[in-house]
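Below: one structure, written as structure tokens.
Just so it is clear, the values below take in all heavy atoms, side chains as well, and ignore hydrogens, waters and symmetry mates. When a ligand or atom number is given, it counts from 1 through the structure's own listing order. For this chain, numbers begin at 1 and follow the sequence in order.
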Amino acid sequence: MENCDVVVLGAGPYGLAAATHLKNVKGLEVRIFGEPMSFWERNMPVGMFLRSNWTATQIADPHLALTLEEYGSESGSNVSQPVPLDRFVQYGHWYQQKGVPDLDQRRVSRVERGPDGFRITLSDGEVLGSRRVVVAAGIGPFAWRPQEFDGLPVELASHTSEHRDLGKFTGKKVLVVGGGQSALESAALLREGGAQAEVIARTHKIHWLQGSLSRTLHHGLGKYVRSILYAPTDVGPAGISRLMARPDLLRRLPRSVQDKLRKRAVRPAGARWLVDRLKSVPVRLGCSVVDVATAGPRARVRLSDGSERTVDHVLLGTGYRVNVAKYDFFPPELVQSVRRSNGYPCLEPGLETSVPGLHILGAPAAWSFGPLMQFVSGAHYAAQALTRHVIANK
Ligand SMILES: Cc1cc2nc3c(=O)[nH]c(=O)nc-3n(C[C@H](O)[C@H](O)[C@H](O)COP(=O)(O)OP(=O)(O)OC[C@H]3O[C@@H](n4cnc5c(N)ncnc54)[C@H](O)[C@@H]3O)c2cc1C
């Protein structure tokens, strides 16, 4: 059995960032597995734009060299803002080829405790040993399908993450459920692709990012004031943004304060550039689904306001709920040894779980290190904190 010091599982922004940082440590044997940018390539809709701003869309690397600017200049065409999904995916591939050329694209099928750390089984049956494992496997398995929709087959009700091409709904009537970016942007894309879309959301008000107050704070009061109020990581409103950018400080606050701040920082909201694109899409707020049934090849949906819709499809923009037990490469005995709160692992410095040597990065780290971990910009902190910890415990 081949052995190494660290296995990184996942090749999205977090796995790639972790790998470039760890590979920079002299004498450390690092292996990285996963398909580069696969979630962005397969589980987000064609035509999407990134909601995060320019600085928050850079994938972290230890030399700050693998930037969007550098990618744009090498590829011969500048990247526009907001950053289009396809350009971000290309940037991720470019980053991988430059920073992690030895990426192994095989899947990891099992991670279990081994004689000297962990035993990792790959999809083709090969087994290797590693002293540490860094899981950066993303949110794919956590897509949330509310129970109300159990009565509909997947052909009639599906999660937004199940679609790459919303063009398949051209000419169809689609009810989009949710009031956040994913639901709203899907509705805009459906409409632009020739579908008849309607949005329903429980919220009484859609929160649009960059409202007039936020625009004044961002642009009207000058660069200096902006930099005091907003961190480059771009998570959270004025002031809170600065705190979110400092996970080590945030985690020292009482739990109840952390939870409140987290809710405020990442409440469901839509990017302002969606407002015009949704002008001709009906949006029904303060409304939830109370009953669903099939009606021949269609779905019949009864809403809390007493009205009914018969549609070709229900698209669930209902977000994600972290539960690390859903990572299929974790055997139940390993998950049980990981101290958890509500599905999230409770992490220690270096994003280490209660199982020594097992680290979890990305959205599952949000309970311990705050909502920054749900975004690309959080990979700077995560990769650096992880690397410091690995060096200190080499
Ligand atoms: C619709 C949508 C829009 C978003 N827009 C933004 C945005 O604008 N800005 C932003 O910052 N964030 C955005 N996010 C959040 C975004 O998903 C995360 O910021 C980012 O993907 C986190 O990166 P990650 O590396 O943790 O996970 P991912 O990018 O999901 O990468 C997971 C990696 O793990 C690999 N993997 C999984 N299982 C295995 C296995 N068993 N073996 C080997 N490899 C495995 C996958 O192949 C992949 O390479 C958005 C999310 C959604 C759903």
Note, Leu243 side chain near Leu253 side chain (heavy atom, < 4.5 Å)
yes
I need the contact type for Gln374 against ligand 1. Using non-hydrogen atoms and a strict under-4.0 Å cut-off, is it side chain, backbone, both or neither?
backbone
Side-chain H-bond candidate by donor/acceptor type, His359 with Thr353, under 3.5 Å:
no
Looking at ligand 1, does Glu185 have a heavy atom less than 4.0 Å from it?
no
Can Arg251 be said to sit on top of Phe369's aromatic six-ring, NZ or CZ under 6.0 Å from centre and within 45° of the ring axis?
yes
Just which atoms of ligand 1 are under 4.0 Å from any heavy atom in Gly34?
43 (C), 44 (N)
What is the closest protein heavy atom to atom 50 (C) of ligand 1, and at what distance does it sit?
Met44 CE, 3.9 Å
Polar-atom distance check: Trp40 versus ligand 1, any N or O pair below 3.5 Å?
yes
Reference residue Glu198; test side chain to side chain donor-acceptor pair (under 3.5 Å); the match among Arg284, Lys173, Arg191, Arg309:
Arg309
On the 0 to 90° scale, with breaks at 30° and 60°, tag the His159-Tyr320 ring pair as parallel, tilted or perpendicular.
perpendicular
What closest approach, in Å, do Met1 and Gly129 show between heavy atoms, and which atom pair accounts for it?
CG-N, 3.7 Å
N or O pair under 3.5 Å between Pro36 and ligand 1:
no
Starting from atom 49 (O) of ligand 1, find the nearest protein heavy-atom neighbour and note its residue, name and distance.
Glu35 O, 2.7 Å
Proximity to ligand 1 by part of Phe329, non-hydrogen separation under 4.0 Å
side chain
Atom 38 (N) of ligand 1 sits nearest the protein heavy atom Arg107 NH2, 3.6 Å
Starting from atom 9 (N) of ligand 1, locate the nearest protein heavy atom and write down its residue, its atom name and how far away it is, to 0.1 Å.
Ser52 OG, 2.8 Å
Tyr320 heavy atom under 4.0 Å from ligand 1
yes
Does Asp328, backbone or side chain, put an N or O under 3.5 Å from an N or O of ligand 1?
no
Hey, does Arg106 come in under 3.5 Å of ligand 1, counting only N/O atoms on both sides?
no
Val235 with Val83, same ILVMFWY side-chain cluster at under 4.5 Å
yes
If you have a sec, work out which protein heavy atom is nearest atom 45 (C) of ligand 1 and how many Å separate them, to one decimal?
Leu9 CD2, 3.7 Å
Heavy-atom contact check, 4.0 Å cutoff: does Ala136 meet ligand 1?
yes
Looking at side-chain heavy atoms only, is the closest gap between Leu261 and Met244 below 4.5 Å?
yes
Assess whether a salt bridge exists between Asp276 and Lys279, defined as any Lys/Arg side-chain N lying under 4.0 Å from an Asp/Glu carboxylate O.
yes
Polar contact flag for Pro13 and ligand 1 (N/O pairs, less than 3.5 Å):
yes
What protein heavy atom lies closest to atom 11 (O) of ligand 1? Include the residue and the distance to one decimal.
Val376 N, 2.7 Å
How far apart are the closest heavy atoms of Leu372 and Tyr14, and which atoms are they?
O-OH, 3.4 Å
Only residue of Gln58, His93, Gln90 satisfying side chain to side chain donor-acceptor pair (under 3.5 Å) with Tyr71 is Gln90
Starting from atom 25 (O) of ligand 1, locate the nearest protein heavy atom and write down its residue, its atom name and how far away it is, to 0.1 Å.
Tyr14 N, 2.9 Å
Within the structure, does Ala11 bring an N/O atom to less than 3.5 angstrom of an N/O atom in ligand 1?
yes
Are any of the N or O atoms of Arg51 closer than 3.5 Å to those of ligand 1?
yes
Should the pair Arg262 and Tyr344 be classed as cation-pi, given the thresholds of under 6.0 Å to the six-membered ring centre and 45° from the axis?
yes
Stepwise ring-ring contact (aromatic ring centres under 6.0 Å, His included) test for Phe142 and Tyr327
CA-CA 9 Å; Phe142 311 143; Tyr327 281 142; 5.1 Å; yes
In the protein, which heavy atom is nearest to atom 30 (O) of ligand 1, and how far is it?
Phe39 CB, 3.2 Å
Using a 3.5 Å cut-off on N or O atoms only, is Val108 in polar contact with ligand 1?
yes
Measure from NZ or CZ of Arg340 to the centre of the six-membered ring of Trp367, then state whether that distance is under 6.0 Å and the direction lies within 45° of the axis.
no
Can you tell which of Gly10, Ala365, Ala137 gets a heavy atom nearest to atom 32 (C) of ligand 1?
Ala137
